[in-house]
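For reference, the structure discussed in these notes is given below.
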Amino acid sequence: MNDLPTCYNPKESEDKWYTFWEKNNLFSAKVNPSKKPFCIVIPPPNITGILHMGHALNNTIQDILIRYHRMKGEEALWMPGTDHAGIATQNVVEKSIAKEGLKRQDLGREKFIERVWQWRENYGSTIIRQLKKLGASCDWSRTRFTMDEQYSLAVKRVFVSLWNKNLIYQDDKVINWCPRCQTALSDEEAPHREIQGNLYYLRYPLKEGQPPSGAAPYIIVATTRPETMLGDTAVAVNPKDRRYKKLIGKTLILPLMNREIKIISDGMVDMKFGTGAVKVTPSHDPNDYALGKKHNLQFINVMYPNGRMNENAGDYKEMDRFEAREVILEDLKEKDLLEKVEPHNISCGHCYRCHTIIEPYLSRQWFVKMKPLAKPAIKVVKKGKIKFYPKRWTKVYLNWMENIQDWCISRQIWWGHRIPLWYCRDCNKEAVASLEKPQKCSVCNSSNLKQDEDVLDTWFSSWLWPFATFYWPFEHTTEEKDDKRLAISDKQKDLNYFYPTSVLVTAPEIIFFWVARMIMAGEEFMKDIPFRDVYIHGTVRDIEGKKMSKSLGNVIDPLDIINEYGADALRFSLISITAQGQDVYLSKERFEQGRNFANKIWNASRFILMNLEPANINTDLCIFFKKENLGLVNRWILSRFYSVLKEVNKNFSAYKFNEAANTLYSFFWHEFCDWYLEAIKHDIRNAQNQVVMYKILEKFLRAIHPIMPFVSEEIWQRINETTRQRDNETTSIMVCPWPHIQEQIIDKRTESQAQIIFGLITEIRNLRSSIELKDTRKLKFSVYAHTKIKQGLIRDNAALIKNLAKLEELELLELNQRPANTISAVSQAADIYLHFSGLFDSAAEQQKIKGKINNLEKIIKSKIAQLNNADFLKRAPREIVDKEKENKAKLEDELRRLEKMSNELR
RNA sequence: GGGCUCAUAGCUCAGUUGGUUAGAGCGUUGCGUUGACAUCGCAAAGGUCAGAGGUCCGAAUCCUCUUGGGCCCACCA
């Protein structure tokens, strides 16, 4: 073991052990009736994705859960896979062929899709490789893709099923249109962001010239999107608005277009906004659309799908919408029809893939009726069958579900699941939904059928993830990837065993997109919830609280961190600062803590291995503990370990990963290394010490394994090597059982006794630093304890105290034997006096004691007030009152001793 | 407009159902190295828990309001 380097080198361990785990099939999970299943389905990253900190956090949490439950003896399955990410992937591939000077239209649909598959072959598994770097213990043999043939079948099944239930319909609506991607988007895909804009006040002249009242011969409307005026087919005012009452029903001349439009009245119009008169563009605004329907207005679409003005836009044809805006304003100004311009912040939708400003656009799309699907999904959450962590997201979920809108599922792109609807070219009757192309038209028998051109929203496949990944609906396909060795009944067993899955780990922005829809799909198609718990973690931000993004240039690349500090360091640091549900503020320095901790574990292990006699490690701890009369430190560290383990179990089951990480950290570093190992160092060959230090290390490694899999495995393997105790049954720490709590070893009295001794040692060290003695060894201390018990305690641990406080001699005296004028300190840990004879700065000591006295007096005063309070005595629980009384007595006692000391120092 | 969330040490954050003298990491200061670890050890300094009010015997914790950040939702042209 002397050949262990003095620093932990993650690079030498990580790939080595990851390959080892994979080779030994340690990630695989299968139906095992004797075990409890534990299953997580990964939020499938996009095939275009590259690992960012959000992924790192998300997947670290999942891996911790999986590794923890696997060690606890559950059949733990982490189902991996990737998402075809329709628009995102299409965009990437379009960019890639653009380098060859090609557009997708040049290739044609079929060839283009071929290119996408090709791209996926080449780059689509980048993120999987990166997840492996992180240590993710997914069952890779099951890796799924949302465009797998089997998966497509599930998508089509679901579409047909909804179709048959009349939950899918086609309609003309003003939807979110991305002029750059040239497709419709769902509301969720077009998040609103506020941008700086203007409110333009336009004059629309009256046809009749002067109005009856003799007021201005025009009406002023306010708009943020002047270019849409070309499609105006009315102006609306509130019927109660006195200003316009007489104008209702009159005709206006729409400027630039010279179209006659009516002034209509509707209660929807807000009198307080703008001028109280609103231009109505039914084809380019959802509200106006509603008005258009209600008042039977004309619908004039003035734009091409690419955001340029079309033939309905008169002279502005072919201009880009924003260019048109400027020109129109110029033209209106020239005609003196622009009243004024006011700065105005407007909130408008942006494409979530390319950030282009959404154009509300009238078009014919396919929708899913959501209300019937939402109903059971609301119920299961309300009944607590599905729980959110932190709880507050429940409300967010329910609020959205209760106000759910129909889901626009058709996309005008090529990459994705093509809508399984078929039309007869000959008779042109209604569409037919079918898994396969129908042989012939059911009406006219023609075989001249064509499929719908559109594809489905990517999320229309993602929402099936928790069961479609298990080969639901269990029908054979021709695809190689589908594991045909599994009979249909086995696949069903697989799903029955692992579904509902245990927990879903994801970020808040995905709740509507995915979580809510998975719950709906689970209820609709499986008649059961998809998962029991939903753990929502925070968003990873930079140190200033900004979201990490490439465009801001504030990204910390997890792969850089792995490269520089190691995967365990990344995992530990990330987890230790992630309080449940809070956003994570990251700076690169945070990862030093994780790196240092891995190194600390490494070095403590190195020290132990260097001194370990293999003969001592086969002991059964429980028997050993009962049989041996262990000394204080050994009993203490064992008790502490199990106390800590209990805490960690509790934290894991409550999804408080940061607390688990920090509890383990401070135990190992500050208790095990700083106190325990230092205490036994001088007598490390002692058999009792050997057993205890080995057992603690070995069990600690298992406990830290879910968080830091690599360093724990590396050391675990080296222990086996050193001790030649390699057990053929157990090949890796990751399949070792999670340490079992030994209740009988936990002893709070032992823990507090150790605290007294350690407190005393700290006092001596303090004293030493205050008297600035260089030659430390020569120091001689005398200790006086009040009670026989404490005297015994100190006597029993004199060697320990001498050793850790580096004393030449420690003298234990009765109180009345105390020499005069030698007092110098008192242990705050207990009623123990501490004296030493020798030179010291009595003035400084006096100062220190005075400070302590002041502090004590203040506290005692408040205690007295509390205990004099009749209400406190009457209303507070008995044990609290008793505790406070005892506390006060203790403090007073200490105060008396301090005062005495202070006097004697004079 | 509705909802959520945050404000605790110089910095970044913990702090369970209210109950000893409010914690950690980093940073700062002093001391320390002839083999586990300087990616280290021993110690110290540093906080009227954003402000005001309330509930309670008792509030960092619960309630209300104020101030200042962040986020989400909604059909404010």
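Since this is a predicted model, take the numbers as computed values, not measurements. In what follows, every chain begins at residue 1, and chains take the letters A, B, ... in the order their sequences are listed.
Pairing for B:rC62 goes to B:rG54, judged as Watson-Crick or G-U wobble with the two contacts each under 3.5 Å. Base pairing annotation: B:rA44 forms a Watson-Crick or G-U wobble pair with B:rU28, both donor-acceptor distances under 3.5 Å. Using the Watson-Crick or G-U wobble rule with both distances under 3.5 Å, B:rG1 pairs with B:rC73. Figure legend. B:rA38 is base-paired to no nucleotide; pairs are counted as Watson-Crick or G-U wobble with both atom distances under 3.5 Å. Look at B:rA22: it lacks any Watson-Crick or wobble partner with both distances under 3.5 angstrom. Across all strands shown, B:rA7 pairs with B:rU67; the Watson-Crick or G-U wobble distances both stay below 3.5 Å.
In this structure, A:Ile859 reaches the bases: a heavy-atom distance under 4.0 Å links it to at least one base atom across the strands shown. Residue contacts shown for A:Glu592 are absent, as no nucleic acid heavy atom lies under 4.0 Å away. Nucleic acid contact for A:Leu199: none, since no nucleic acid atom lies under 4.0 Å from a heavy atom of the residue. Base contact: A:Arg595 has a heavy atom under 4.0 Å from a base atom. Backbone-only contact: A:Thr762 has heavy atoms under 4.0 Å from sugar-phosphate atoms and none from a base. Residue A:Asn403 is classed as having no contact, given no heavy-atom separation below 4.0 Å to the nucleic acid. Within 4.0 Å (heavy atoms only), A:Pro877 reaches at least one base atom of the nucleic acid. Among the protein residues, A:Asp270 comes within range of the nucleic acid bases, having at least one heavy atom under 4.0 Å from a base atom. Using a 4.0 Å heavy-atom distance criterion, A:Lys395 is classed as a sugar-phosphate-only contact. Within 4.0 Å of A:His670, counting heavy atoms only, lie sugar-phosphate atoms of the nucleic acid but no base atom. Among the atoms of the strands shown, only primed sugar atoms or phosphate atoms (P, OP1, OP2) are found under 4.0 Å from some heavy atom of A:Gln593. Counting any heavy atom pair closer than 4.0 Å across all strands shown, A:Val269 reaches a base atom. Looking at heavy-atom distances under 4.0 Å, A:Lys681 makes contact with a base.
Residue side chain A:Lys874 does not reach the base of B:rC57 through any donor-acceptor N/O pair under 3.5 Å, judged by distance alone.
Just one residue in the list A:Tyr397, A:Trp400, A:Trp407 forms a ring pair (Phe, Tyr, Trp, His ring centres under 6.0 Å) with A:Phe512, and that residue is A:Trp400.
A:Asn603 has no side-chain polar atom (N or O) that falls below the 4.0 Å cut-off from OP1 or OP2 of B:rU39.
Nucleotides of RNA chain B nearest to A:Pro191 and A:Tyr665 differ in position, and the one nearer the 5' end is that of A:Tyr665.
Of all non-hydrogen atoms in A:Tyr200 and A:Pro226, the two that sit nearest each other are CD1-CG, 3.4 Å.
When the C1' atom is compared between B:rC49 and B:rA14, the two are found 13 Å apart, to the nearest whole Å.
No donor-acceptor contact under 3.5 angstrom links the side chains of A:Asp270 and A:Asn238, judged on distance only.
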